[in-house]
Amino acid sequence: MRLLLDTQVLIWVLANPGRLPAATTDALESYENQVLVSVASPWEIAIKSALGKLSSIDDFEFQI
């Protein structure tokens, strides 16, 4: 199954994974699923950070 994460869920995955329900975490960690993220998400995260709505994007680990 393909899972497309919106920016808010991506932020939770990167910064506060404990906030996600167990079923969501299981789905994201399953090798049977393909996790996709929009190319706009890093841009949206940078905007939120610049506006002071995020503490720091330096704590996020992006891997391509």
Side-chain angles (χ1 to χ4, degrees):
M1 175 187 310
R2 290 183 182 164
L3 306 173
L4 177 60
L5 304 185
D6 73 350
T7 301
Q8 188 60 50
V9 173
L10 176 62
I11 290 170
W12 291 343
V13 167
L14 297 173
N16 192 3
R19 187 170 182 165
L20 298 169
T24 302
T25 301
D26 292 345
L28 294 172
E29 293 176 350
S30 173
Y31 288 107
E32 296 175 4
N33 296 328
Q34 182 180 19
V35 179
L36 305 170
V37 177
S38 170
V39 296
S41 288
W43 171 68
E44 291 177 1
I45 289 171
I47 290 171
K48 286 179 183 284
S49 180
L51 294 173
K53 294 184 177 184
L54 291 176
S55 58
S56 174
I57 62 170
D58 295 333
D59 296 334
F60 296 167
E61 183 176 322
F62 292 98
Q63 297 181 0
I64 297 175

Partners meeting side chain to side chain contact (heavy atoms under 4.5 Å, CB included) with [X] (sequence neighbours left out):
| X | value |
| --- | --- |
| Ile47 | Trp43, Leu51 |
| Asp26 | none |
| Gln34 | Arg2, Leu36 |

*Apart from Tyr31 itself, which Ile, Leu, Val, Met, Phe, Trp or Tyr residues share its cluster (side-chain heavy atoms under 4.5 Å, direct or through members)?*
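Besides Tyr31, the cluster holds no residue at all.
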
Can you list, pair by pair, the side-chain donor-acceptor contacts under 3.5 Å of residues 3-13, counting residues two or more places apart and other chains?
from: Asp6; atom 1: OD1; to: Val9; atom 2: N; distance (Å): 2.9
from: Thr7; atom 1: OG1; to: Ser41; atom 2: OG; distance (Å): 3.1
from: Thr7; atom 1: OG1; to: Glu44; atom 2: OE1; distance (Å): 2.2

